[in-house]
2 protein chains.
Amino acid sequence: MERLKSSLLEYSISQLATEFGVTARTLRFYEDKGLLRPTRSGQSRIYSAADRARLRLILRGKRVGFTLDEIREMMDLETLDSGGFIHLNTTLKRFRARIIALKQQRSDIDLSIAELEAGCAWLDARLVDREPSEEIKQNAKAFEALALARLES
Amino acid sequence: MERLKSSLLEYSISQLATEFGVTARTLRFYEDKGLLRPTRSGQSRIYSAADRARLRLILRGKRVGFTLDEIREMMDLETLDSGGFIHLNTTLKRFRARIIALKQQRSDIDLSIAELEAGCAWLDARLVDREPSEEIKQNAKAFEALALARLES
DNA sequence: TAATTCCTTGACGTTTACGTAAGCAATAGC
DNA sequence: GCTATTGCTTACGTAAACGTCAAGGAATTA
């Protein structure tokens, strides 16, 4: 019980894991992949605030569809100083491609949210009474028609 | 050469695949998974406009992070008429959870786009002249600081 | 001292979403 | 009639991202 000073600056593997809703295995895996480099106290890992920030970045990167390898490359941008030109150039191209993909993804998400909300409304109505009334069936049809209309372009 | 009438209403597997930038294998895989049900002409698959619409939905679903299983469940909503209540309820819950996740994802994407654009600007500057000038190094530092600032909360 | 608890390093297992190759049928063009 | 293209099925392979033991070390707690 002498972890008072560290509670704000340093984290054990399970502290960080539970805070971010991942498992310890995940953190070790990220370390294997070169995404995190916690220091050691004896043989135990100690995560700094910077490690925590990196983890946050990793998880956000994952949520938007980057692979772990891509995320590592992005985070190694600083180290890229000594890298070659071609590498810089391909990185730039991949960034631009990612931006385009992300914008596409964002509009996809807007569409999906709208459809899911329509679906929720429909399910809600269906849950109100067990015997699906004609009216609800009509709503269902309307929902389907709406979805199909969205599908065509 | 008697595929004239079908060119607008029906598609061969490779037509549909190239149009959507996937492989034929992918379409067969989706069929195995119950996501597509093209009719057959002899043993060859024939995809209708409805199949094409479903494929578009599948790919969009994938882009926003649904698994193929989830996508199939969503598309089976109509068939859900004969399903039980518990299933309806869990489906509803999963929809709502998905909506929340999608909104989170959307803000993640906005952040990522901003960071990637900053990264592009930085890489652009680094590519202008081979010898990284002091000014550019300063920009790099600024970029890093910006990124780090974003990371803290 | 014994029992938990937390951490460690392997190492193999699992799921998802296809890739890839083998071997054969049907069709189209020369 | 031969060959090139396109498609089919079956089946094994693979990369990503962990999960899941196994076996053990160190430290706190009863």
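All chains are named by letter (A, B, ...) in the order of the sequence lines, taking the proteins before the strands, and each is independently numbered beginning at 1.
Pairs of residues two or more places apart, or lying in two chains, that qualify as salt bridge (Lys or Arg N to Asp or Glu O under 4.0 Å) and include a residue from residues 13-27 of chain B are B:E19-B:R52.
Remark: side-chain polar atoms of B:Q15 are paired, donor with acceptor, to backbone N or O of B:S12 under 3.5 angstrom.
Within the structure, a side-chain polar atom (N or O) of B:Y30 is placed less than 4.0 Å from OP1 or OP2 of C:dC18. Side-chain N/O atoms of B:S14 include one lying less than 4.0 angstrom from OP1 or OP2 on D:dG7. Under 4.0 angstrom from either OP1 or OP2 of C:dC7 there lies at least one side-chain N or O belonging to A:S12. When the side-chain nitrogen and oxygen atoms of A:K62 are compared with OP1 and OP2 of D:dA16, none of them lie within a distance under 4.0 Å. The side chain of B:R45 contributes no N or O atom lying less than 4.0 Å from OP1 or OP2 of D:dG7.
Between B:D124 and A:R96 there is a salt bridge, with a side-chain nitrogen of the basic residue lying less than 4.0 Å from a carboxylate oxygen of the acidic one. Between B:D51 and B:R37 no salt bridge is recorded (no basic side-chain N to carboxylate O distance below 4.0 Å).
Residues satisfying the side chain to side chain contact (heavy atoms under 4.5 Å, CB included) test with A:T67, not counting sequence neighbours, are A:D69, A:E70. Under the salt bridge (Lys or Arg N to Asp or Glu O under 4.0 Å) criterion, B:R63 pairs with A:D108, sequence neighbours left out.
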Nucleotides 22-24 of chain C: which of its N/O atoms have a protein N/O under 3.5 Å away?
none

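Of the residues listed (B:L35, B:L27, B:T26), the one engaging B:I58 in a side-chain contact (heavy atoms from CB on, under 4.5 Å) is B:L35, and it is the only one.
Across residues 17-29 of chain B, B:T23, B:R25, B:T26, B:F29 each have a non-hydrogen atom less than 4.0 Å from an atom of DNA chain C (numbered order).
Across the helix from C:dT1-D:dA30 to C:dC30-D:dG1, the helix axis at one end is tilted relative to the axis at the other end by 0° (nearest 10 degrees, each axis from five pairs).
For the pair B:R98 and B:F66, the cation-pi test (distance below 6.0 Å, angle within 45°) is passed.
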